[in-house]
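These notes are about the structure you will find just below.
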2 protein chains.
Amino acid sequence: MITELFLKGRLRQELSAAEKSVIEQSISRTITLGPRETFIDAGQRLENSYYLVEGQMLRYVDDPRGVRQLVHISVPGDFVDLHGYAMKRLDHDLGTLTECTLAEFPHEALSAMFAGSARLMRAMWFSTLLDASMHREWIRALNGLNSEARLAHLIAELVERMRLIGRFDGRALPIPLLQRDYANACGVSEVHCNRCFSNLRARGLITISRGGRLEVSDIEGLQQMAGFTGSYLYGGSSLDLDVMQDA
Amino acid sequence: MITELFLKGRLRQELSAAEKSVIEQSISRTITLGPRETFIDAGQRLENSYYLVEGQMLRYVDDPRGVRQLVHISVPGDFVDLHGYAMKRLDHDLGTLTECTLAEFPHEALSAMFAGSARLMRAMWFSTLLDASMHREWIRALNGLNSEARLAHLIAELVERMRLIGRFDGRALPIPLLQRDYANACGVSEVHCNRCFSNLRARGLITISRGGRLEVSDIEGLQQMAGFTGSYLYGGSSLDLDVMQDA
DNA sequence: CGCTGCATTGAAATATCTCAATCAATGTGG
DNA sequence: CCACATTGATTGAGATATTTCAATGCAGCG
């Protein structure tokens with residue numbers, strides 16, 4: 001079931017079978033994209049939102065100078081542009097990292113879904129709040145950590161997010177980011193990023209990193225260096241839909 | 001009317017008189033806080049959300065080392081912790097910068113409001129999405145701009161946000177941030193922040209900055225240096241509640 | 001074999017931090 | 001009114017962090 005990962009990674013709580021079914025039925029179609037493709041440009045008017053079933057996507061802004069700045073990395077189970085439902089446009093570009101499978105939700109279908117269930121609307125709202133929470137944590141990392149610790153933080157977050165959806169085997173991070181991508185995300189030059197990788201390797205925290213393959217040998221070490229705790233990924237606690245009762 | 005600024009700064013569109021009234025009636029009380037007070041600690045369980053009527057508030061995380069990192073600055077018209085409605089806790093601390101007046105919305109009252117109007121729920125959802133949008137822009141600034149341009153960006157954003165709610169007179173930024181605060185927000189040391197201020201002054205972009213008073217002499221210059229456009233403050237366009245029709 | 005894309009290394013140039021001191025305004029007690 | 005303490009802004013200078021430019025290494029691929 002397509003919604004499975006959404007529940008795992010984002011909501012961490014069961015929706016009822018009926019609710020899952022409503023979500024599934026709002027999908028108009030499923031599409032596949034190749035790796036490193038542009039999908040949505042900033043500013044473009046949107047009629048659909050997309051849920052990432054498989055693969056990873058990048059949310060980025062291209063600098064006037066041509067420098068690409070990653071603002072977020074999406075993994076399976078994420079709605080990649082649910083904020084486009086309320087905003088109608090994105091403030092950033094959206095493209096694929098790997099080959100991706102996306103489920104399309106027409107905004108009309110979402111409106112219909114929400115009209116029938118305030119609870120589902122809250123669940124979706126909550127899931128967009130997690131983005132903001134991740135953004136804040138990343139601002140914190142950019143503000144307070146040096147480049148090596150930032151890199152450690154990024155790796156630790158990706159590992160944890162993959163682990164939450166059952167995609168981490170305890171060793172290799174199954175996301176083929178290039179060192180350039182890590183650099184673009186951490187806001188450092190590619191060269192310096194490479195030196196940070198070397199340092200992390202020298203400390204025994206990671207192992208290889210060739211051809212987009214990165215092995216994590218000491219996740220606790222990474223987390224500690226970065227002051228990482230995953231709590232911001234869950235909204236502090238789990239979503240408590242029942243506390244948000246209908247009056 | 002208390003909601004006036006919410007509409008100006010966040011929604012930029014009229015809600016109906018009835019809707020405004022519903023919002024106003026959900027306020028349980030109004031409270032006042034002194035300057036530089038802690039209001040909500042990270043992790044604390046929340047039963048209310050607060051709307052900032054007057055003053056400015058800071059959202060920050062205190063480093064283990066004791067360094068304070070600002071993640072957001074709230075101005076009148078902002079719900080300072082609306083995400084606490086869905087999350088039930090904050091991932092950061094919340095405190096005042098100046099004396100503040102806050103309107104309290106019990107989460108129960110919000111639930112009642114939303115049960116009666118999906119449109120209002122969307123308006124509130126939208127307003128939290130603007131936070132995420134501002135966060136992304138700030139990530140972009142931290143990643144791609146040097147410290148001087150970051151400072152210019154921060155000033156330009158605050159000016160624009162105050163202007164949106166009619167609180168900018170074309171000269172002085174009416175927010176008494178210390179250089180330490182700017183430094184904490186920009187992720188630079190206080191000393192270096194001071195040098196950035198000197199540079200901006202030397203370029204003729206700002207004038208004085210003493211006792212928390214900062215005069216903007218060339219807002220276009222600031223914007224240009226920072227690559228600032230205010231579009232992310234409005235969600236790319238204005239909220240189009242009518243597009244989000246009930247099915 | 002000779003590309004091409006990505007990772008790595010070296011070294012000089014900048015940006016930023018840290019520590020320490022000074023300055024300017026403001027407030028407080030006598 | 002003066003002496004002194006406090007807070008925030010400013011300056012200097014050496015230490016680190018990071019960037020930039022340029023070159024090299026390394027693997028897959030036609």
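In what follows, chains are A, B, ... by sequence order, proteins preceding strands, each numbered from 1. Basis for what follows: all heavy atoms, side chains included, without hydrogens, waters or symmetry-related copies.
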Quick one: ring-ring contact (aromatic ring centres under 6.0 Å, His included) pairs with a partner in residues 143-176 of chain A, sequence neighbours left out?
Trp138(A)-His153(A), His153(A)-Phe228(A)
Apply side-chain hydrogen bond (donor to acceptor under 3.5 Å, both in side chains) to Ser74(A) and list each qualifying residue two or more places apart in sequence or on a separate chain.
none
Does dG5(C) have its OP1 or OP2 closer than 4.0 Å to a side-chain nitrogen or oxygen of Arg36(A)?
no
Between P on dT7(D) and CG on Leu177(B), what's the gap in Å once rounded to a whole number?
19 Å
All ring-ring contact (aromatic ring centres under 6.0 Å, His included) counterparts of His72(B), not counting sequence neighbours:
His135(B)
Pick out the pairs of N or O atoms, protein on one side and nucleotides 16-20 of chain D on the other, that lie under 3.5 Å.
residue : atom : partner   : partner atom : Å
dT18(D) : OP1  : Ser147(A) : N            : 3.3
dT18(D) : OP2  : Ser147(A) : OG           : 2.8
dT18(D) : OP2  : His192(A) : NE2          : 3.3
dT19(D) : OP1  : Ser189(A) : N            : 3.3
dT19(D) : OP2  : Ser189(A) : N            : 3.0
dT19(D) : OP2  : Ser189(A) : OG           : 3.1

Please report the distance, rounded to the nearest Å, between CD in Gln179(A) and C1' in dC6(C).
8 Å
Can you sort out the partners of Tyr51(B) under side-chain hydrogen bond (donor to acceptor under 3.5 Å, both in side chains), two or more places apart, ordered by chain and number?
none
Let me know the distance between CG of Asn199(B) and C1' of dT11(D), rounded to the nearest Å.
13 Å
When you measure from the side-chain N and O atoms of Asn194(B) to the phosphate of dA9(D), is any distance below 4.0 Å, counting only OP1 and OP2?
no
Whole-Å distance, Leu214(A) CG to dA7(C) C1', equals 13 Å
Between CG of Asn143(A) and P of dT16(C) the distance, given in whole Å, is 13 Å
Could you tell me how far apart Ile206(A) (CD1) and dA7(C) (P) are, to the nearest whole angstrom?
12 Å
Residue pairs, two or more places apart or on separate chains, that pass salt bridge (charged side-chain N to carboxylate O under 4.0 Å, His left out) and touch residues 193-206 of chain A
Glu148(A)-Arg203(A)
Using whole Å, report how far CG of Asp181(A) lies from P of dC6(C).
9 Å
4.5 Å side-chain heavy-atom contact, Asn184(A) and Tyr60(A)
no
When the distance from CZ of Arg180(B) to P of dT10(D) is rounded to whole Å, what number comes out?
13 Å
